[in-house]
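Notes follow once the structure below has been shown.
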There are 2 protein chains.
Amino acid sequence: MPKVNLKTIATELGVSISTVSKALQDSYEISKETKQKVVSLAKKLNFQPNPYASSLRRNQTRNIAVIIPEIANNFFALVINGVESVAREKNYHVLIYLTHDEYKKELEFCEYLQNGRIDGVMMSVTTETQTHEHIGRLTEKGILVVLFDRVCHEIETAKVTTDDFVSSLNATEHLIQNGCKKIAYLALSSHLSIDNKRKAGYAEGLHKYNIPFDASLVIECGNNENEAHQIIKSLLSSPNRPDAIFASVEKLAIETYLVCRELSLSIPQDVKVICFANLKIADLLNPPLSTITQPAFEIGKKAARVLFRNLDSKRGSIENENIVLKSLLIPRLSTQKSD
Amino acid sequence: MPKVNLKTIATELGVSISTVSKALQDSYEISKETKQKVVSLAKKLNFQPNPYASSLRRNQTRNIAVIIPEIANNFFALVINGVESVAREKNYHVLIYLTHDEYKKELEFCEYLQNGRIDGVMMSVTTETQTHEHIGRLTEKGILVVLFDRVCHEIETAKVTTDDFVSSLNATEHLIQNGCKKIAYLALSSHLSIDNKRKAGYAEGLHKYNIPFDASLVIECGNNENEAHQIIKSLLSSPNRPDAIFASVEKLAIETYLVCRELSLSIPQDVKVICFANLKIADLLNPPLSTITQPAFEIGKKAARVLFRNLDSKRGSIENENIVLKSLLIPRLSTQKSD
DNA sequence: CTGTTAGCGCGTTCAA
DNA sequence: TTGAACGCGCTAACAG
């Protein structure tokens with residue numbers, strides 16, 4: 001594996017290194033013939049410039065980091081898919097960092113990534129995240145940050161989210177219109193902006209139909225599967241159980257589904273369920289659940305586009321914009337009714 | 001954002017850059033006091049060495065690439081999870097490249113990644129991949145390669161796979177023991193090593209019970225959802241349809257499930273189904289499917305460990321080893337029977 | 001149009 | 001024990 005670099009080509013051709021460099025960049029300073037010679041030899045030797053040597057000079061790595069709570073989750077997997085597709089297009093490279101929904105890890109990554117390994121970061125914060133100084137420290141070092149989905153509104157940077165309030169309002173309305181009077185809201189964490197927006201949409205939905213908001217029906221399930229399962233189980237075991245569940249994330253919907261089976265409650269006869277979900281699950285389950293589907297792939301693409309645009313503009317700071325995409329409500333209850 | 005580098009510390013302390021460098025590496029050449037001073041100032045200024053400057057000197061980036069067909073797929077998502085967890089532990093960084101199951105893209109990545117952006121590659125080939133020169137070219141450039149799951153056996157490098165033959169044999173046996181006589185095997189592509197091994201296990205299962213192998217029951221569905229759906233539909237619409245389906249991957253199982261619903265065939269009464277799957281689907285579906293679950297997380301971890309071990313040994317080439325992990329068969333037919 | 005020079009930030013001789 | 005000098009591979013200012 002003989003290394004081939006600019007020097008190899010330069011000496012072989014009897015020209016200087018910088019000539020080769022310029023020729024390969026199609027600089028106007030170099031004659032056609034020289035370019036020809038250089039380019040053809042480069043191709044023959046399969047020369048590829050070392051990206052990190054250029055990085056050092058140009059002060060840009062063309063690497064970006066994606067920091068997310070988890071990957072075995074259809075939403076985030078689809079986001080990465082979107083990010084990667086735009087990255088290929090724009091010649092950026094995608095590094096993955098998983099926080100496993102721990103603030104400690106998120107912090108660690110943010111500190112570490114100030115070292116110049118990457119030019120920018122796209123991230124969704126953990127349910128534990130309550131401060132945002134660690135994110136500020138990144139931007140201070142000139143690392144551009146785009147937040148998506150689970151964002152911190154306090155920090156000034158580009159953000160890509162979905163219409164959580166409106167779609168939750170519609171979802172709640174959907175349940176009410178199908179006769180639900182006692183709707184429980186399964187929450188993840190009150191630190192999470194999206195959770196609060198969804199909760200607010202849910203509350204507004206109740207309000208619209210003059211249903212009093214009952215705080216005891218808002219249930220924080222946390223991000224631990226087993227715990228969540230137990231909490232939902234005790235909720236649905238109660239004699240005066242709710243007649244509907246609004247699951248703020250897919251995982252909680254799945255647990256609800258499992259609990260219903262365990263307790264021999266049938267959906268939607270005994271309990272109606274609506275949830276945020278990106279899995280094909282809604283099609284597969286029997287009966288299918290009503291769902292709110294976020295445009296995960298588009299979120300990834302959009303967030304990446306915003307980041308790359310800002311990086312390429314080389315201003316060293318990021319435009320403070322707020323992009324809101326629309327989620328898709330798939331109401332399966334009415335379909336169910338007509339059966 | 002004032003950049004802090006070795007020089008910053010050196011001038012501040014009135015020592016030379018190399019002294020600082022050595023002190024931070026805890027070199028024996030530097031006095032305790034100097035080290036103390038350097039380290040504490042470095043901490044105070046939050047100094048972090050530029051990784052790519054070191055790369056250039058040390059000739060290692062500590063970046064690795066993971067090349068996979070898709071990410072919105074529980075198996076690969078779990079693999080990445082495993083890879084990432086080991087990477088964190090070993091201080092490596094994970095770049096993601098998605099081929100979307102196109103050989104053209106795989107080739108492109110392999111050519112590109114010879115440039116020194118990464119030290120090593122972990123990959124699962126596409127269903128279209130029929131040659132392996134592109135992989136050889138990587139190793140020739142000193143890039144270590146570990147193949148996993150969808151491997152090329154022709155190439156000499158480390159490989160991590162599962163016991164596809166045995167688990168498929170067991171799966172087939174499970175179907176036969178539950179009364180199936182006409183088992184269809186849904187294949188992805190005959191270019192794929194795992195597919196062929198699974199098929200061989202299936203054939204061996206039939207053979208063991210003296211059921212003649214019927215080539216017309218081996219159906220290549222390709223990797224396109226819609227096509228696969230049609231193929232399965234016509235298979236199950238036939239008057240003499242098979243009494244069981246062995247789906248070689250999760251996607252095909254899902255399509256089978258959907259087709260059954262479409263045709264009002266009930267599982268497992270009308271058609272028994274077993275499949276390779278990593279989704280929680282088996283628990284959620286009603287009725288649940290029998291599944292073979294590959295230890296995806298462990299595959300990721302194992303493959304990463306092998307890669308990092310070889311990278312750290314700095315031999316410039318990789319040990320040619322074949323690691324085979326065990327899959328887990330969850331036979332739900334017997335459970336079903338006792339209901 | 002081409003070459004010389006000077007770094008990017010770091011690690012590593014080799015002298016002092 | 002420290003520091004000066006060099007080079008990893010590349011780009012860019014400037015001189016010719």
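Lettering of chains follows the sequences in order, A, B, ..., and the numbering in each one begins at 1.
Within 6.0 Å of CD on B:Glu156 lie no more than 12 heavy atoms contributed by other residues, nucleotides or ligands. When the shell of 6.0 Å around NZ of A:Lys302 is examined, it contains 12 or fewer heavy atoms from other residues, nucleotides or ligands.
Taken to the nearest 0.5 Å, the CZ atom of A:Phe75 stands 10.5 Å off from the CD1 atom of A:Ile80. Atom OH of B:Tyr103 sits about 11.5 Å away from atom CD of B:Glu108, to the nearest 0.5 Å.
The existence of a salt bridge linking B:Glu321 and B:Arg309 is confirmed by a sub-4.0 Å separation between a basic side-chain nitrogen and an acidic carboxylate oxygen.
The interatomic distance linking A:Lys35 (NZ) with C:dT2 (C1') rounds to 13 Å, in whole Å. With rounding to whole Å, A:Ile30 atom CD1 is found 18 Å from D:dG16 atom P. In this entry the distance linking CG of A:Asn5 with P of D:dT11 reads 11 Å, nearest Å. The distance from atom CD of A:Gln60 to atom C1' of D:dC10 is 13 Å, rounded to the nearest whole Å. Atom CG in B:Leu6 sits roughly 16 Å away from atom P in D:dT2 (whole-Å rounding). For A:Glu29 and D:dT11, the CD to C1' distance is 12 Å, given to the nearest whole Å. In this structure, the OH atom of A:Tyr28 is 12 Å from the P atom of D:dA12, given to the nearest Å. A straight line from CZ of A:Arg117 to C1' of C:dC10 spans 14 Å, rounded to a whole angstrom.
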Intermediate values then yes/no, ring pair (Phe, Tyr, Trp, His ring centres under 6.0 Å), B:His134 and B:Phe109: CA-CA 9 Å; B:His134 57 302; B:Phe109 295 152; over 10 Å; no
B:Arg88 vs B:Glu84, test: salt bridge (charged side-chain N to carboxylate O under 4.0 Å, His left out). Steps then yes/no. CA-CA 6 Å; B:Arg88 284 293 76 72; B:Glu84 204 267 354; 2.7 Å; yes
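The stretch residues 7-23 of chain B comes close to DNA chain C through B:Ser18, B:Ser21, B:Lys22, each having a heavy atom under 4.0 Å from the strand. Interface residues of residues 49-57 of chain B facing DNA chain D, ordered by number: B:Leu56, B:Arg57; criterion, heavy-atom separation under 4.0 Å.
Where A:Thr34 and A:Asn59 each meet DNA chain C at their nearest nucleotide, the meeting point lying more 5' is that of A:Thr34.
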Taking distance alone, no hydrogens or angles, what donor-acceptor pairs closer than 3.5 Å link side-chain atoms of residues 47-54 of chain A to residues at least two apart or in another chain?
| from | atom 1 | to | atom 2 | distance (Å) |
| --- | --- | --- | --- | --- |
| A:Gln48 | NE2 | B:Tyr112 | O | 3.2 |
| A:Asn50 | OD1 | A:Tyr52 | N | 2.7 |
| A:Asn50 | OD1 | A:Ala53 | N | 3.1 |
| A:Tyr52 | OH | A:Asn63 | OD1 | 3.2 |
| A:Tyr52 | OH | B:Asn63 | OD1 | 3.0 |
| A:Tyr52 | OH | B:Arg117 | O | 2.9 |
| A:Ser54 | OG | A:Asn50 | O | 3.1 |

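Between the B:Asp119 side chain and the B:Arg62 main chain, a donor and an acceptor come within less than 3.5 Å of each other.
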